[in-house]
Each structure stands twice: as structure tokens, then as C-alpha cells.
Amino acid sequence: VSQSRYENEFERPETWSKSNPMLGTILDPEKLIEERNTAILKGEEAIVGFKTLNLNWWCDAPQTFIPEVIWNKSAKFSFSQELLYNRQCWAGLDMGATNDFCAFSLYFPPEDWQDYDQYQDTETEKMQYVRTPARIPGQHFALWWFWIPEFRFENRIANGMHSLRDWRKTGYIKLLDGNVIDPTEIEQDIKAILNKFNIRSMAYDRYNATSTAISLQKYGLPVFEFPQTMPMFAEPTKAFRDLVLKERFNHGQNPIATWMMRNAVPITDTNGNIKITKDEKRSVDKVDGIIASIMSIGAFMADRETSGSY
């Protein structure tokens, strides 16, 4: 729901059910009004969090990475995972904090991507990235898997993130026992994913994910460390953005990825490079799914083993 369209409705609780059908059935209107008032006292970031979590409003603050209307248009049609079985794809793993969301994403270029591959050994020997996804015509696809520990799940719901219940019920996120993420359980889930999809390589953030990456490498998945730096993220982030702006990145309207896109705040440097910040002081909330997806595109862009030039 557009923030500008419903800007005046923040002060009119009787209108909130238009953007959140659970209001009045699952959710208590009086409790939400109290949460709104508390958010007002805490400041702008808390207000944005309330609007995105409870009213399903797309808030363009403090800075929009990709506008809501374009993100939605990019998902041209719904699809099932079976459509992508055995297709070449690349993975990104962002374990993030061990007591909160963990995200695994797969990126699928068009099946005929090798017909448009510009990679040449002699020309790209010193380059980090050897191909540009936006130059490949057709629909590009993304899938996500999310995990969260039970303690954090209950804590977030208590703090107003009621959508988590639906996301769990519909299978978009898996609840793990305990207070922190158990990496061995995630490893087993990813190994099961490997048996369905033709994953060529996986990019990972070494923060909390090194042991998982080593285990998956022993299982047969090529992995490489993806430093969380501006130079490493700049080109894949632009590629992700350009595919969405061209409306050729079909994300299947994954609700968790959509929520995280609402939280995505871009930062730039003097050279025009761009990345999504994970700084909790600057980001509205979690962005792990978007980071994982950008990393998966980076894995594709950096892959020198799978090439159309061979």
C-alpha cells in the first residue's frame, strides 16, 4: 500500500483494516493504537517500523532503494518452485545475527543465458565480476528460504510483528527450537535444497557462516567468501536494482523479501558505488533476504567455471 496515498490515515485507526484485513479478527485494534502511540514517542524510525509491520504500508524513509510499485511489477507472474528444478542457479547465504533472521537465496538467470555470455578469459583476468545480468534478456527468478529461532519469533510477535504467524503457517519461514540459530539444522535444509536445484556456487558472509560454508563445500557445493564491503557489493547491487527496474526480476511476491525490501536503505560513496546497509542505526529493520539475493547474483557474476565461452 502506498505511503503517500494513506498518509493521513495514520491518525485514523478506523481505516487501517483496508491495508491489514487481520485487524479486528486476529489483531486487537486497541493494542495497535497503543503501539502507534508508543512509536510516535520513540521517533521516526519507530513510526516507519509500525507502518510497515502492522499496516502493510510501504514507507519511503529514510531513502528508497526500489519503489514499491516497481518491485511489485517486477513479479510478472506467480510460479512454483518446481518450475525451476534442475535449472542452473547461484546461491547467497546470509546468516546475520544468530538470534534473528537467517536467509538463503537462489538466483536463476534465463535458461539461455550462455548465449549472451560476454565472459572471455583474456579480457577479464583481473576483474572480480565477469558478466552483467541485465544484458541477458528474459525473466530472471529468485527464491528464498528463511529461518528464525523460536525465542526471537515470539519476541517479534510480542513487539507487533504479527505477520510472522502467517509467514510461518504458509511455509515462508521455518521456526528453529531455542534462543539462537542452529547452523547444523540450516546445513541439512540447504543440502535438501541442493538435491532439487542445480546450484553452481554459493556466496557467503563469513560472519557466523564459515562453518556452514565448509560443511556444504565438503558436501560438494563450491563456495566462496563474499566480504561485506562496498567494492564487493557495488556491481551485484546495481545488477539487482537494474533487473527490478527493468521489471525482469521475478521474486514471486515473497512476503518476507518484500518486507525486507521495505527496510532496504542504500548507501553510496563518492565513486557512485552502492550497497544496502546492515547498520541497525540506519536500517529500518532486517534486510538479510535482500543481501542474500544480491550475493547470489554476485556469485553468478563472479563464476568463472560456468561460462558460455567454453
Side-chain angles (χ1 to χ4, degrees), residues 1-65 67-68 71-72 96-103 146-181 253-265 277-290:
V1 178
S2 171
Q3 179 189 14
S4 59
R5 180 180 174 186
Y6 292 98
E7 185 176 2
N8 296 327
E9 295 187 2
F10 186 61
E11 300 295 334
R12 298 167 56 200
E14 68 273 15
T15 66
W16 293 352
S17 60
K18 291 192 296 183
S19 58
N20 192 340
M22 293 191 296
L23 191 62
T25 55
I26 298 177
L27 302 182
D28 181 1
E30 294 300 323
K31 184 176 180 180
L32 280 192
I33 292 173
E34 291 179 6
E35 291 180 9
R36 179 204 60 183
N37 295 339
T38 299
I40 292 174
L41 294 176
K42 290 183 177 179
E44 186 61 27
E45 289 190 0
I47 293 174
V48 169
F50 175 86
K51 290 178 178 178
T52 58
L53 290 176
N54 298 303
L55 304 183
N56 295 322
W57 292 1
W58 191 288
C59 297
D60 296 342
Q63 182 180 354
T64 301
F65 177 44
E68 171 194 12
W71 175 256
N72 289 336
T98 58
N99 65 344
D100 212 328
F101 284 89
C102 173
F146 294 96
W147 298 263
I148 191 171
E150 182 178 15
F151 175 81
R152 189 59 172 162
F153 176 84
E154 298 295 344
N155 180 259
R156 278 187 170 274
I157 290 176
N159 288 328
M161 196 173 183
H162 306 289
S163 297
L164 265 176
R165 290 195 186 96
D166 285 339
W167 296 344
R168 181 195 180 191
K169 183 178 180 180
T170 50
Y172 285 107
I173 191 167
K174 181 177 180 179
L175 188 62
L176 302 180
D177 293 335
N179 298 332
V180 296
I181 292 287
Q253 293 292 356
N254 183 292
I256 304 180
T258 297
W259 168 66
M260 290 184 174
M261 178 57 72
R262 294 173 183 167
N263 301 331
V265 176
T277 180
K278 297 173 75 174
D279 184 349
E280 295 182 357
K281 296 180 180 179
R282 304 179 69 174
S283 179
V284 177
D285 209 320
K286 304 299 290 183
V287 294
D288 305 73
I290 303 304

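This structure is a prediction, so every number in the text was calculated from the model and none was measured.
There is a side-chain donor-acceptor pair under 3.5 Å between T258 and W71.
Among all heavy-atom pairs drawn from P149 and I181, the shortest one is CD-CD1, 3.6 Å. When every heavy atom of P13 is checked against every heavy atom of R36, the shortest pair comes out as CG-NH1, 3.8 Å. Residue G289 comes nearest to F146 through the heavy atom pair CA-CE2, 3.7 Å, listed as atom of the first residue, atom of the second, then distance.
How far CD1 of I290 is from CE of M260: 8.0 Å, rounded to the nearest 0.5 Å. The CG atom of L175 sits 7.5 Å away from the CD1 atom of I148 when rounded to the nearest 0.5 Å. Between the NZ atom of K174 and the CG atom of L176 there is a distance of 6.5 Å, given to the nearest 0.5 Å. From H162, atom NE2 reaches atom CH2 of W167 across 12.0 Å, with rounding to the nearest 0.5 Å. Separation of atoms CD1 (I256) and CG (D166) is listed at 11.0 Å; rounding is to 0.5 Å. Between atom NZ of residue K286 and atom CZ of residue R156 there is a gap of 7.0 Å, rounded to the nearest 0.5 Å.
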Next item on the list: Test W16 against N54 for side-chain contact (heavy atoms from CB on, under 4.5 Å), laying out the working first.
Entry: CA-CA 9 Å; W16 293 352; N54 298 303; over 6 Å; no
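For the side-chain contact (heavy atoms from CB on, under 4.5 Å) test, residues two or more places apart in sequence or in another chain that qualify with P29 are L23.
Aromatic pair W147/Y172: centroids not less than 6.0 angstrom apart.
Not one N or O on the side chain of N179 forms a donor-acceptor pair closer than 3.5 Å with the backbone of F151.
With a 4.5 Å cut-off on side-chain heavy atoms, F50 and T38 do not count as touching.
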